[in-house]
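We count residues from 1, following the sequence as given.
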Amino acid sequence: MLKQAPSLTDLEHSTEFWSRHIGITEADAQHMLSCIGAASVQALVGSIVPQAITSQQAMALPQPVTEVQALAQMRAIAQKNQRLKSFIGQGYYGTHLPGVILRNVLENPAWYTAYTPYQAEISQGRMEALVNFQTMVTDLTGMDIANASMLDEATAAAEAMTLAKRSVKAKGNVFIMAGDAHPQTIAVVQTRAAPLGIVVKLADSQQEWNDLLAQDDYFAVLEQYPSTSGRLGEEGDDVKTAHAKGAAYIVATDLLALTLLVPPGEWGLGDPAGEADIVIGSTQRFGMPMGAGGPHAGFMACKDNFKRSLPGRLVGVSVDAHGQPAYRLALQTREQHIRREKATSNICTAQVLPAVIASMYAVYHGPDGLKRIAQRVARYTAILSRGLAQLGYTEVHADGAAFDTLCLKTGARTAELAQRAVAKGANLRTAWEEYLCISLDETTTRVDIELLWSIFAKEGQALPSIEALDDGSDLIPAPLRRASVFLTHPVFNSYHSETAMLRYLRRLSDKDLALDRSMIPLGSCTMKLNATSEMIPITWPEFADLHPYAPADQLAGYAELDAQLRQWLCAITGYAGVSLQPNAGSQGEYAGLLAIKAFHEAKGNSQRNICLIPSSAHGTNPASAQMVGLQVVVTACDKHGNVDVDDLKAKCEQYSDRLACIMITYPSTHGVFETRVREICDLVHQHGGRVYVDGANMNAMVGLAQPGQFGGDVSHLNLHKTFCIPHGGGGPGVGPVCVVEDLVPFLPGTINQTSTVGPVSAAPYGNAAVLPISWMYIRMMGDAGLRQATQNAILSANYISAQLKDHFPTLYASDNGRVAHECILDLRPIKDACGVTAEDVAKRLIDYGFHAPTLSFPVPGTLMVEPTESESRDELDRFIAAMIQIREEIRQVENGTWPQDNNPLCNAPHTAATLLRSDWSAPYSREVAAYPLESLQHSKYWSPVGRVDNVYGDRNLFCSCLPVDAYAN
């Protein structure tokens with residue numbers, strides 16, 4: 001009998017992407033199910049996800065399409081955007097990203113699939129790049145220390161405000177801002193200040209500025225240098241005035257401008273009283289495209305006395321077990337996962353990949369190249385200004401001094417000229433109704449200068465001559481001209497040819513362990529496939545080259561993308577409304593709590609300020625609650641890690657009149673679906689509170705359960721987890737906030753709309769440039785594909801738990817012994833028995849070629865494993881084999897074959913240099929150290945450093961590029 005031919009629908013193969021994304025085949029699944037003891041994937045999942053919350057209906061998503069079809073549809077959306085030449089400025093500028101950095105960093109999975117560098121030994125490459133970033137920022141700002149990036153300039157300003165509030169002597173509650181700061185910075189600071197009871201006062205004139213500085217009620221001041229209108233002004237005397245009152249002085253600045261301008265750290269001319277305390281800004285113009293607003297790496301630098309309260313990540317230099325220099329994340333005791341509501345640093349507040357790009361832009365161009373770019377911009381600005389004066393535009397804001405921005409008083413002709421510019425293919429910025437601002441950048445050419453003159457020239461008026469107006473000078477006053485050198489370290493003076501740069505980038509990436517090498521089994525972090533087809537659109541010019549504050553009709557493609565993605569996320573979560581503006585999971589939490597707080601206040605219930613948080617919750621939860629002025633009350637968990645409902649009832653009754661909300665993570669932080677979640681939600685609602693469901697573990701629920709339907713009022717999602725935006729070494733991210741119907745009016749607004757809650761990010765669409773990644777993922781998976789992905793994630797976690805149960809028991813499980821999408825392996829008895837710690841196992845896994853699971857979170861002495869749906873059974877088995885072999889090594893310590901203080905685990909990771917030493921004296925062979933499994937003979941990752949000394953690094957804090965002779969020992 002002839003085999004029936006496949007149907008045309010089968011041949012069209014619209015679901016082909018499923019098998020690209022999901023690593024488990026049907027045959028693999030059957031084997032894994034037999035090991036677990038389950039009849040089918042559906043039966044397994046049905047025994048894990050409580051029936052009371054299981055969603056029975058299909059999600060309202062379009063049918064899946066192939067990768068080719070999805071890219072074609074994405075291209076059609078992109079082409080609805082209009083690419084006009086942007087002269088808007090306002091913190092966003094055109095750039096030329098060098099091709100060697102574009103191809104080998106931004107488009108390279110060795111860089112974009114890496115995780116946050118908490119495991120220092122396998123993160124030396126990206127941490128060297130971040131130390132370059134920190135050095136670049138400190139050199140250009142003239143400050144003592146800088147962090148490894150912030151989310152954007154506006155949120156950096158908000159963080160600087162709160163840093164000053166907790167650090168200075170002044171007891172006032174007023175924050176003074178120059179009205180000539182970027183509008184989005186002012187708006188985000190105002191959003192952050194309101195729930196904390198901080199009063200933001202704007203100075204819209206020099207007289208108002210002087211009057212406010214003369215008062216005694218402020219704790220900090222922020223000015224923009226150069227200002228949003230282009231004004232320059234070294235404010236040493238104003239700094240002294242603020243310091244005399246015990247207040248901090250914050251400067252928002254532009255790093256390219258600082259190659260020519262006196263940096264804020266040198267304003268005092270040697271007198272510290274005249275120097276800025278904190279300097280913030282954006283590194284966007286160091287190579288990153290505008291991307292309708294992000295992702296871009298903000299920065300923060302400060303004086304030395306602020307360093308231990310400096311928010312964000314800080315990469316420091318320590319030593320490894322062999323005395324060699326090694327990088328690590330410094331001062332982690334500030335972090336939210338440790339200090340919770342008392343934290344000064346947010347583990348999500350970073351944009352690592354854009355920071356790496358900015359640092360490499362500086363490495364590639366070097367100090368001379370950066371200065372040449374800045375000089376060209378400044379020279380064009382001067383020529384443009386002189387030509388406009390010839391055309392009759394002589395009234396220029398800021399007395400004519402400028403770096404890259406001119407602000408012309410155009411009066412009644414303002415709107416007409418702005419429209420004329422659009423007709424000629426350019427965007428200008430309207431300010432104060434009667435001014436037009438023009439900002440130049442790295443991409444400006446002579447043709448652009450002539451285009452601008454043609455916009456302002458009257459009918460028949462001859463255009464000026466560039467050659468005639470170029471006298472070799474710019475518009476920077478002599479007292480403001482920088483005299484100090486910068487970027488003198490060899491790293492910024494060695495890699496200016498493409499060959500040298502290419503090899504430097506390869507050398508750094510070879511030191512790291514990213515998803516392109518092996519599984520990263522981090523619990524709670526969902527390190528899954530970031531498919532190439534999903535990544536392709538982010539560098540398309542139609543997405544990359546748009547200014548976030550271009551006219552709305554020019555952003556039609558982004559608006560459609562935003563609307564579709566929000567609609568799909570509503571369908572997936574069961575919520576009524578979504579904002580994609582939050583540019584990190586932490587910002588999504590923050591925005592969700594702002595919505596809850598604003599809702600209660602709108603109802604006249606401002607006394608509702610208690611936030612209940614189970615003791616097992618993510619550390620970001622209590623810290624976010626504190627950020628919006630809520631009081632955290634911790635509720636107990638039972639011995640299985642579930643919410644103690646009896647204790648919750650007591651707390652609800654105790655705080656009934658003041659209850660604002662509860663924050664729960666579902667599935668729980670312990671990787672289990674709690675069966676009483678509906679009861680928990682109902683209980684809080686009965687007492688007038690709202691329910692925040694942390695969406696960090698959404699990868700266990702997509703297609704199976706909807707938090708907006710089982711009792712959640714608010715959730716944030718992590719598009720850089722569940723929806724495939726890559727982690728990028730710790731950023732970029734997107735943390736959408738999802739809400740029920742009555743909370744939709746309290747979603748984040750923008751600077752261009754009146755809203756109850758202000759913006760939480762600098763750009764209206766947040767990290768808009770990476771949204772195509774999640775759009776592509778959902779479009780190619782569809783309802784059935786997403787559900788299958790979730791089921792396989794649960795299958796893989798239970799497979800690992802079952803295969804390792806006799807070696808490393810799972811700490812928390814449901815009554816039937818199942819877990820959700822992750823499992824916590826309990827190593828505490830091993831430490832008690834023989835001294836081998838969870839950290840020893842984590843470091844030994846490096847010798848086996850694996851990134852460690854999540855270490856000691858949420859329970860000290862454990863490892864939390866999340867395999868995701870993207871890993872193949874072969875990779876899962878490779879990890880299982882490594883863990884079983886490590887358990888055998890532990891037994892060698894337990895039985896006394898190897899000493900507790902000299903064995904492959906406590907000495908891990910082993911470097912090649914160590915193994916080559918002639919005085920090898922370990923009680924185990926070099927082969928055991930390097931090749932504990934035969935499979936490693938064919939593919940071996942070598943740790944570039946031995947185990948890093950964390951204590952040394954914090955006691956000897958050093959956060960800049962190492963001296964050239966540092967490796968001499």
Checklist entry - Taking C-beta and beyond as the side chain, do E542 and R75 meet within less than 4.5 Å on heavy atoms? => result yes

Next on the checklist: Would you say CZ of R103 has more than 12 non-hydrogen atoms from neighbouring residues, nucleotides or ligands within 6.0 angstrom?
Outcome noted: no

Next on the checklist: Under a 3.5 Å distance rule, please check whether H600 uses its side chain to pair with a backbone N or O of A660 as donor and acceptor.
Outcome noted: yes

Item to check | Side-chain heavy atoms of P759 within contact of Q184, under 4.5 Å | outcome: no

Item to check | Sub-4.5 Å side-chain heavy-atom contact between I572 and I778 | outcome: yes

Item to check | Minimum heavy-atom distance between P64 and T15, given as atom pair plus value | outcome: CG-CG2, 3.9 Å

Next on the checklist: Looking at S761 and A763, would you say the former's side chain and the latter's main chain have a donor-acceptor pair under 3.5 Å?
Outcome noted: no

Item to check | Whether Y777 and H21 hold their rings parallel, tilted or perpendicular, with breakpoints at 30° and 60° | outcome: tilted

Checklist outcome for this item: Nearest heavy-atom approach of G291 to A768 is O-CB, 3.7 Å

Checklist entry - Quick one: are I773 and V734 in side-chain contact, heavy atoms under 4.5 Å? => result no

Checklist entry - Q706 side chain to A571 main-chain N or O, any donor-acceptor pair under 3.5 Å? => result yes

Checklist entry - Sub-3.5 Å donor-acceptor pair from the side chain of Y558 to the main-chain atoms of F543, do we have one? => result yes

Checklist entry - Does the side chain of L71 reach to within under 4.5 Å of the side chain of W540, using non-hydrogen atoms? => result yes

Next on the checklist: How close do T185 and A157 get, counting heavy atoms only, and between which atoms?
Outcome noted: CG2-CB, 3.5 Å

Item to check | Side-chain heavy-atom pair L719, P736 within 4.5 angstrom cut-off | outcome: yes

Checklist outcome for this item: Residues L717 and M698: closest non-hydrogen pair is CD2-CG, 4.0 Å

Next on the checklist: Which residues pass the salt bridge (charged side-chain N to carboxylate O under 4.0 Å, His left out) test with D553, not counting sequence neighbours?
Outcome noted: none

Checklist outcome for this item: Correct closest heavy-atom pair for A158 and V189 would be N-CG2, 3.8 Å

Checklist entry - Would a distance-only check, ignoring hydrogens and angles, find a side-chain to backbone donor-acceptor pair under 3.5 Å from H296 to P289? => result yes

Next on the checklist: Treating N583 as the side-chain partner and G766 as the backbone partner, does any N or O pair qualify as donor plus acceptor under 3.5 Å?
Outcome noted: no

Next on the checklist: Looking only at side-chain N and O atoms, does Y590 offer a donor or acceptor that is under 3.5 Å from a partner on H716?
Outcome noted: no

Checklist entry - Which heavy atom of T113 sits nearest a heavy atom of A514, and at what distance? => result OG1-CB, 3.5 Å

Checklist entry - Would E871 and L515 satisfy side-chain contact (heavy atoms from CB on, under 4.5 Å), going step by step from the backbone distance to the final call? => result CA-CA 10 Å; E871 299 300 339; L515 204 61; 4.1 Å; yes

Item to check | Sequence-distant partners of E16, salt bridge (charged side-chain N to carboxylate O under 4.0 Å, His left out), two or more places apart | outcome: R20

Checklist entry - Just wondering, more than 12 heavy atoms not from E12 lying within 6.0 Å of its CD? => result yes

Checklist entry - Does any donor atom in the side chain of Y92 or S86 lie under 3.5 Å from an acceptor atom in the other side chain? => result no

Checklist entry - Going from CZ on R285 to OG1 on T283, what distance comes out if it is rounded to the nearest 0.5 angstrom? => result 11.5 Å

Checklist entry - If you round to the nearest 0.5 Å, how far is CG of L786 from CE of M780? => result 10.5 Å

Checklist entry - Step by step, would you call H685 with D713 a side-chain contact (heavy atoms from CB on, under 4.5 Å)? => result CA-CA 10 Å; H685 288 153; D713 296 301; 2.7 Å; yes

Checklist entry - Between atom OH of Y549 and atom CD of Q554, what is the distance when rounded to the nearest 0.5 Å? => result 15.5 Å

Item to check | Within 45° cone and under 6.0 Å: R779 NZ/CZ vs F17 ring | outcome: no

Checklist entry - Backbone N or O of L151 within a donor-acceptor pair of the Q351 side chain at under 3.5 Å? => result yes

Checklist entry - How many angstroms lie between OG1 in T539 and CG in L97, if you round to the nearest 0.5 Å? => result 9.5 Å

Next on the checklist: Any heavy-atom pair between the side chains of Q581 and V760 that's under 4.5 Å?
Outcome noted: yes

Next on the checklist: Quick one: does any side-chain atom of N427 pair with a main-chain N or O of F87 as donor and acceptor, under 3.5 Å?
Outcome noted: no

Next on the checklist: With rounding to the nearest 0.5 angstrom, report the CD1 to OG distance, I725 to S774.
Outcome noted: 3.5 Å

Item to check | Residue pair R787, L704: steps toward the side-chain contact (heavy atoms from CB on, under 4.5 Å) verdict | outcome: CA-CA 7 Å; R787 183 179 295 107; L704 305 180; 3.9 Å; yes

Next on the checklist: Which residue is it: P707, S715, S55? I am looking for the one with a side-chain contact (heavy atoms from CB on, under 4.5 Å) to M701.
Outcome noted: P707

Checklist entry - Is the backbone of P548 close enough, under 3.5 Å, to the side chain of Q90 for a donor and an acceptor to pair up by distance? => result no

Item to check | Side chain to side chain, V45 and V41, heavy atoms closer than 4.5 Å | outcome: yes

Item to check | From Q57 atom CD to D783 atom CG, the distance as rounded to the nearest 0.5 Å | outcome: 11.0 Å

Checklist entry - With no hydrogens and no angle check, is any side-chain donor or acceptor of T868 less than 3.5 Å from a backbone partner on T526? => result no

Item to check | Verdict with supporting geometry, F746 and V739, side-chain contact (heavy atoms from CB on, under 4.5 Å) | outcome: CA-CA 9 Å; F746 305 100; V739 297; over 6 Å; no

Checklist entry - Strictly by modelled atom types, are E869 and N699 linked by a side-chain donor-acceptor pair under 3.5 Å? => result yes

